[in-house]
Amino acid sequence: YGLKKVDHTASPTMAWLSVAYMFYISCATAGAVNLYSARAFSQRGKQLDQEVQFGPLGDIVSSATNAVGDALGSAVDSMTSSAAKALLGDMAVDNFDLPPPGTHAVNQQVVLCAIAMLVVLGVGCALDMFLAPPKSSTRPSYLCLAALLGSYALLLPGLVTTLFQFILGVEVLGVKVILTQVDGDYAPIVESAVGVVHLLFKTGGWIGAFLLILYAIVVPAVKIVALIMAELWREDQDPRKVRMAKHMVEVVQIISKWACPDMFAYILLLYLFRHLDGAGGVVAAPAQLGIGFACFSLFCVFSTFSTLMVQAPAVSETIEVASPPWVLRTFGSESLFSVAAIAFLGFMATFVIGLFTPAMAIFLDSGLFLKPNGPLDASMKPLLDSLHIEDLVNAEVTISGATRALMGYIAKGELNDIFAVLMLSVFVITLPVVNMLCLLLASCNMSNPDAAWRFIRISRVLKHIEMLDVAIMGIIVVTCAGTAYHKEGVMFSVMAGLWVLLLAEAFHYFIHFQVHSAYNSLTQAKA
């Protein structure tokens, strides 16, 4: 009880003596309690005889014995906690609880955002029913405008409110030690998109900051500005402005989904930390997605779909016969299906392998906890090595494993986990396969333009909403943005699975361009 807080600038010898003292106190007092409990258990038969012989007096004696044991155990815990706090200072905490809001409050906020979005869409549908524009007009419907405006209303809170919060710590001999820091203080990390960008600039993570700004801020800004300009020029008397409006709409539809890499970055971070939580009974890594994630996810989905509802203005221009793609020039139209089938098999093989191969990994460098980089004295390195914390924290991520794990997390009652599962299982895994099947069927029916067009039309929509390529970029964003946590000894790295998935997407892009170009070339030649 006479312990005083040890100055972290003290000599290595004093720090090591403090560690030894803490362990001596813990082991000695714990051994005393265990010995006392063993003797008490061995004499239980005698106690029963005494209870029969002495009646109520025996019960009183037994209750007093239990009370003494409980008090002695509490004293051991108190002494261990006091010694730990004297040695580790603010690193020693009472619990690993995340700061508010809790799961229930976040779920309420998510429900309110979803209801607000549905109300806005309902108003758009009602306006389309009672104030329908002329059929000859190519301007967006009220439903399209409602989805677009509603999604952008959620973008601002998606950028400034909490996206993700987590704690990384360890528990040894009942002592809870927190490792995450905020401005030099040991505390949970609570991140918003703007906060991460600021942190990356402060810690020198320029590439990560640039990628976050590009995808979370620049792409949405370019989308809305281009759509406004396109609507202003849609019915202009100058044909050049109308043509420019058409190109703007087409560009917006292409780049619309590229506001989403940051969303996948936080989905994978959530899986990583929850995968670590409880590892070896030592590591604690509670993590939670905030209301900012729900707002940003709703923005990404509804803004992407609403831009696809915008029709490009009609432009009268001379139709030039498109140059045949490489497949037609090299193998002829009869071999298009064979080439598409080979590309489809190549895509499926690399896609499945990539899903089950680690695409990203997290590593812990315990050396960064030691001075001069960390708070602990270098004399504590043997203790850190003996705990094997690095082996417990180091983990790898596969897309399939993350999807399965997130499905299991839904049972914990977090509504944000539903968004995460839908984004991975539908937009990353399912839609790319469906798109490849449409391309394969289109190549098979290329001799019948009407039959081929049904699949080409579906494929054009799917290419704008399937997000395997966006998820790949999300992994790169996580790796680059992870430099902000190097001070805590946490590092991220890409793995072989990323490059396998990138190869699968290369097959996807190749066959998409070849089949669509072949369809345009063949139909224009017949016309």
**Study point:** Flag, side chain of Ser335 to backbone of Ser338, donor-acceptor distance under 3.5 Å
**Key:** no
Practice item. Could you tell me whether a side-chain N or O of Ser400 sits under 3.5 Å from a main-chain N or O of Leu355, the two making a donor and an acceptor? Key: yes
Check your understanding: Is the distance between the ring centroids of Phe166 and Phe273 less than 6.0 Å?
Key -> yes
Review point. Less than 4.5 Å apart, any side-chain heavy atom of Phe356 and any of Thr398?
Key: no
**Study point:** Any donor-acceptor N or O pair under 3.5 Å, side chains His516, Ser459
**Key:** yes
Review point. Is any side-chain heavy atom of Met360 closer than 4.5 Å to a side-chain heavy atom of Leu498?
Key: no
Check your understanding: Tell me, do Asp469 and Lys257 make a side-chain contact under 4.5 Å, heavy atoms counted?
Key -> yes
**Study point:** For the student: nearest non-hydrogen atoms of Cys480 and Leu200, plus distance
**Key:** O-CD2, 4.3 Å
Point to revise | Closest non-hydrogen atom pair between Val194 and Val160, with its separation | key: CG2-CG1, 4.2 Å
**Study point:** Pro140 backbone acceptor or donor facing Glu231 side chain under 3.5 Å
**Key:** no
**Study point:** Smallest separation among heavy atoms of Ser425 and Met407, with atom names
**Key:** CB-CE, 4.3 Å
Check your understanding: Do Pro432 and Phe347 touch side chain to side chain, with heavy atoms closer than 4.5 Å?
Key -> yes
Check your understanding: Which is it for Val283 and Asp277 under the side chain to side chain contact (heavy atoms under 4.5 Å, CB included) test, yes or no, and what are the steps along the way?
Key -> CA-CA 6 Å; Val283 180; Asp277 194 24; over 6 Å; no
Check your understanding: Any side-chain heavy atom of Arg404 sitting closer than 4.5 Å to one from Leu424?
Key -> no
Review point. Rounded to the nearest 0.5 Å, how far does CG of Leu502 lie from CD1 of Ile475?
Key: 10.0 Å
Exercise for review: Can you establish whether the number of heavy atoms outside Trp453 located under 6.0 Å from its atom CH2 is more than 12?
Suggested key: yes
Review point. Does Met229 CE have over 12 foreign heavy atoms under 6.0 Å away?
Key: yes
Review point. Any idea which heavy atoms bring Val219 and Ala259 closest together, and the distance?
Key: CG1-N, 4.0 Å
**Study point:** Gap separating the CD1 atom of Ile399 from the OG1 atom of Thr357, nearest 0.5 angstrom
**Key:** 11.0 Å
Review point. Is it true that atom CD1 of Ile255 has more than 12 heavy atoms of other residues, nucleotides or ligands lying nearer than 6.0 Å?
Key: yes
Practice item. State, to 0.1 Å, how close Glu505 and Glu466 come at their nearest heavy-atom pair, and which atoms those are. Key: OE2-OE2, 3.5 Å
Check your understanding: Hey, is OH on Tyr409 packed in by over 12 heavy atoms from elsewhere, all under 6.0 Å?
Key -> yes
Practice item. Measure the shortest side-chain to side-chain distance between Ile511 and Leu440 over non-hydrogen atoms and say whether it is less than 4.5 angstrom. Key: no
Check your understanding: What orientation do Tyr266 and Phe164 show, parallel under 30°, tilted 30 to 60°, or perpendicular over 60°?
Key -> tilted
Exercise for review: Could you grab the distance from atom CG of Asp450 to atom CG of Asn445, nearest 0.5 Å is fine?
Suggested key: 11.0 Å
Check your understanding: For Asp238 and Trp233, what are the C-alpha separation, side-chain angles and deciding distance, and is it a side chain to side chain contact (heavy atoms under 4.5 Å, CB included)?
Key -> CA-CA 8 Å; Asp238 188 349; Trp233 291 347; over 6 Å; no
Point to revise | Check: Glu396 side chain, Ala361 main-chain N or O, donor-acceptor pair, under 3.5 Å | key: no
Review point. Taking side chain as C-beta onward, heavy atoms only, is Val106 less than 4.5 Å from Asn416?
Key: yes
Practice item. Starting at CG of Leu437, measure out to CG of Asn435 and round the result to the nearest 0.5 Å. Key: 9.0 Å
Practice item. Using a 4.5 Å cut-off on heavy atoms from C-beta on, say whether the side chain of Phe510 contacts that of Trp326. Key: yes
Revision key, fill the gap. Output for pair (Phe264 CZ, Tyr215 OH), nearest 0.5 Å, gives 13.0 Å
Check your understanding: If you count the non-hydrogen atoms of other residues, nucleotides and ligands that lie under 6.0 Å from OH in Tyr509, is the total more than 12?
Key -> yes
Review point. Rounded to the nearest 0.5 Å, what separation is found between the CG atom of Leu227 and the CE atom of Met248?
Key: 10.0 Å
Practice item. For side chain to side chain contact (heavy atoms under 4.5 Å, CB included), just list the numbers for Glu235 and Arg139, CA-CA rounded to whole Å, side-chain angles, deciding distance to a tenth of an Å, and then say yes or no. Key: CA-CA 9 Å; Glu235 297 177 354; Arg139 289 195 178 277; 3.7 Å; yes
Point to revise | Any donor-acceptor N or O pair under 3.5 Å, side chains Lys223, Ser303 | key: yes
Practice item. Applying side chain to side chain contact (heavy atoms under 4.5 Å, CB included), run through Thr162 and Glu191 and close with a yes or a no. Key: CA-CA 6 Å; Thr162 300; Glu191 299 290 13; over 6 Å; no
**Study point:** Taking every non-hydrogen atom, the tightest pair across Pro286 and Leu98
**Key:** O-CD2, 3.8 Å
Review point. Under 3.5 Å, is there a donor-acceptor pair between the side chain of Ser517 and the main chain of Gln514?
Key: no
**Study point:** Side-chain donor or acceptor of Asp417 paired with backbone N/O of Leu406 under 3.5 Å
**Key:** no
